[in-house]
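Just below is one structure, and these are the notes that go with it.
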Amino acid sequence: MDIKQFEKLNFEEIYTYYKDKNEARKSRPAAEKKAEKAEKDEIEKPYQFCKWDGRKEKVGNFRIEPPGLFRGRGEHPKTGKLKQRVMPEQVTINIGKDASVPKAPEGHKWKAVQHDNTCTWLAMWKENINGNTKYVMLAANSAIKGQSDLKKFEKARELKQHIDTIRADYTRDLKSELMADRQRATAVYLIDKFALRAGNEKDTENEAETVGCCSLKYEHVTLKDTPDEPNTVIFDFLGKDSIRFHQSFQVDAQVFKNLKLFKKAPKSDGDDIFDRLNTTQLNKYLSSYMKGLTAKVFRTYNASWTMQVLLNKLKVPKGASVIDKVKLYNDCNREVAILCNHKRSVGASHEAQMGKIEDKIKGYMYDIWRYKQQMLSLDPKLKKKRGAAYFALPDGLTEEWILEQQAMLVEKKRTNITKKFQKDNEKLVANKEKPMPEKKLKELLKEADDLAAQYKKENKSKKVEPEGKSPSVDKLEANITKLEQRIHAAEVQAADRDGNKEVALSTSKLNYIDPRLSVVFSKKFDVPLERLFSKTLRDKFTWAIKTVEDDVDWQF
DNA sequence: TATGAAACTTAGCACTCTCTAA
DNA sequence: TTAGAGAGTGCTAAGTTTCATA
């Protein structure tokens, strides 16, 4: 049957079927899940490692990609196509000459077996969606990946020796008579200043329409020149993974002029800004300064350099806690992530979570206020000693809010008691004992009623009676200090979370910031490295950790 | 000079694990 | 003790760069 209107299809049944199945799987007893995992691990064990130059090395993606529907990112023309199962007959094995070749599954054979030691992959196949080659390679903690990581950062550091010349040259060439040179100079400026990617040509028929520097189109760049915002360029385009790059920058006057020139009629929507430039030409030019210098190196260089500068000018107060120091480090990390435009989607629950923190803070403030009222009950003279302001209702807490809060607390107590009662009863029944009568529940709920009565009394008399066994002003003050610390922590958390909601720190940490900078920070400020790097990252960056052991003052 | 394949790095998201506050 | 959030990891798509070939 031909499907004419996709939106009229009802997938509800399929959806619930799999959702239920998934939930059933999740809610199995822990022991069962554990046993299943152990079994799976046992099966996979032989495939997780290989021998490389005599060393045992971890293999990264040893599982072949399963069949499924291709999603793709953004508006990909091939979304929804069937990604087929890969058969052994499509897989090429790359292995040492003298090594024993792993057996293909029963009744199958490999496409080919080769012994090429000039590349690093162990197995290879071609996927059917885009015809791209997929590889099985070593894990990030392997020696070979570590070496190439080190090489990458050393290459970026090498750029320090040339950057002044390069900048002077492109500043000069911004005015070049030759259009090609002028475009190239402008492009290098953008790559250097705003960390744009190179921007290779793409096949618009078969790929999502995304761009980088060299492939920027007319409509991606808007020029604005007002007294308030002179020489302003607004970039708005989809970059890698169809992530939007939407930023406004004030640029060099000549760059502004050039972009205006490159956008001049008859160019219009869909036309290349840099019609006389492609990534090959650009990289060829860059490599004349330094062997292996390409557009990509600028991103690494600028990210690591920025991090170094930020960390160097960091003011870490004496006696700062580890949490505070990690926050400062993350703030630097965040600036680099913003430079590289590393984003993540804001989770659906973000707003709600922010509200929750706010409520939590208010709750703490209310508790503090109550403790203070109790102090007053114990020692009325305090009001004069500390001033009325100390005991006043804090900003943001209204009488209404308090009533709501009290009602909520009473209700919470009520549900908790009821829940516990039901649970206890279930246990009794399970043990073949007699359950408690409903009357008992009513008795238990009296606690909640008492609380409600207490609030009512307090609200009327505007006085809070001291709680607990032997209350004292000292004890109450200690409680207040604890709560104040909690408020501080929650406020830091809230600010952190909101500033972080659409910035992904992980990509820059994993790929762009020289890990030696983080190790130096950890040593210099006495922050345990595991607070900055997870186990996987520490394994990936062993080479960096070793370097810094010998040179505590290492600089990028 | 253009084109395509090969080889590798970079990227965000979904899922799982782990820790923490209530 | 447990829910729920955050951290961490696995997955694989999507880039860049290099190299071979026409």
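Scope of the values below: all heavy atoms of this structure, side chains included, with no hydrogens, waters or symmetry mates. Each chain gets a letter, A, B and so on, in the order its sequence line appears, and its residues count up from 1. Because the structure is predicted, anything quoted here is derived from the model rather than measured.
Between E530(A) atom CD and dT18(B) atom P the separation is 16 Å, expressed in whole Å. Following rounding to the nearest Å, R71(A) (CZ) and dT12(C) (P) show an atom-to-atom distance of 15 Å. The separation between E75(A) atom CD and dA13(C) atom P is 18 Å, rounded to whole Å. Whole-Å rounding puts the Y512(A) OH to dT9(B) P distance at 12 Å. Rounded to whole Å, the distance from CZ on R244(A) to P on dG12(B) is 16 Å. Rounded to a whole Å, the CD1 atom of I144(A) is 12 Å from the C1' atom of dA7(B). Atoms CG (L196(A)) and C1' (dT16(C)) sit 14 Å apart, rounded to a whole Å. When rounded to the nearest whole Å, the span between CZ of R73(A) and C1' of dC11(C) equals 9 Å.
Distances shown here put every side-chain N or O of H342(A) at or beyond 4.0 Å from the OP1 or OP2 atom of dT10(B). At least one side-chain nitrogen or oxygen of K83(A) sits closer than 4.0 Å to the OP1 or OP2 atom of dA13(C). One finds a side-chain N or O of K145(A) lying less than 4.0 angstrom from the OP1 or OP2 phosphate oxygen of dT9(B). Between dT16(B) and K37(A), no contact under 4.0 Å exists linking OP1 or OP2 to a side-chain N or O. Taking 4.0 angstrom as the limit, T279(A) places none of its side-chain polar atoms (N or O) nearer than this to OP1 or OP2 of dT17(C). Taking 4.0 angstrom as the limit, T507(A) places a side-chain polar atom (N or O) nearer than this to OP1 or OP2 of dG12(B). Within the structure, every side-chain polar atom (N or O) of N61(A) is placed at least 4.0 Å from both OP1 and OP2 of dC11(C). OP1 or OP2 of dA7(C) has not a single side-chain nitrogen or oxygen of R531(A) nearer than 4.0 Å. The phosphate of dT12(C) (OP1 or OP2) has no side-chain N or O of K134(A) nearer than 4.0 angstrom. Taking 4.0 angstrom as the limit, K152(A) places a side-chain polar atom (N or O) nearer than this to OP1 or OP2 of dT10(B). Within the structure, every side-chain polar atom (N or O) of T294(A) is placed at least 4.0 Å from both OP1 and OP2 of dT16(C). Distances shown here put a side-chain N or O of R197(A) below 4.0 Å from the OP1 or OP2 atom of dA11(B).
The side chain of F70(A) sits closest to dA14(C) out of dA7(B), dA11(B), dA14(C). Distance from the side chain of N283(A) is smallest for dT17(C) among the nucleotides dT17(C), dA14(C), dC8(B). Comparing dT17(C), dA22(B), dT9(B) by their closest approach to the side chain of Y364(A) singles out dA22(B). Closest to the side chain of S148(A), from the set dC8(B), dA13(C), dT9(B), is dT9(B). With distances taken from any side-chain atom of K126(A) to the nucleotides dA6(B), dC17(B), dT17(C), the minimum falls on dA6(B). Of the candidate nucleotides dC13(B), dA13(C), dA14(C), dC13(B) has the atom nearest to the side chain of R344(A). Side-chain atoms of D241(A) lie closest to dA14(C) of the nucleotides dA13(C), dA7(B), dA14(C).
Under a cut-off of 6.0 angstrom, the local environment of CZ in F11(A) is crowded, with over 12 non-hydrogen atoms contributed by other residues, nucleotides or ligands. The local environment of NZ in K343(A) is crowded, with over 12 non-hydrogen atoms from other residues, nucleotides or ligands closer than 6.0 Å.
Under a cutoff of 6.0 Å and an axis angle of 45°, R184(A) and Y285(A) form a cation-pi pair. Cation-pi geometry between K83(A) and F70(A) is not satisfied (NZ or CZ under 6.0 Å from the ring centre, within 45° of the ring normal).
Aromatic ring pairs are classed by plane angle as parallel below 30°, tilted from 30° to 60° and perpendicular above 60°; the pair F541(A) and F533(A) is tilted.
At the heavy-atom level, N200(A) lies under 4.0 Å from base atoms of the strands shown.
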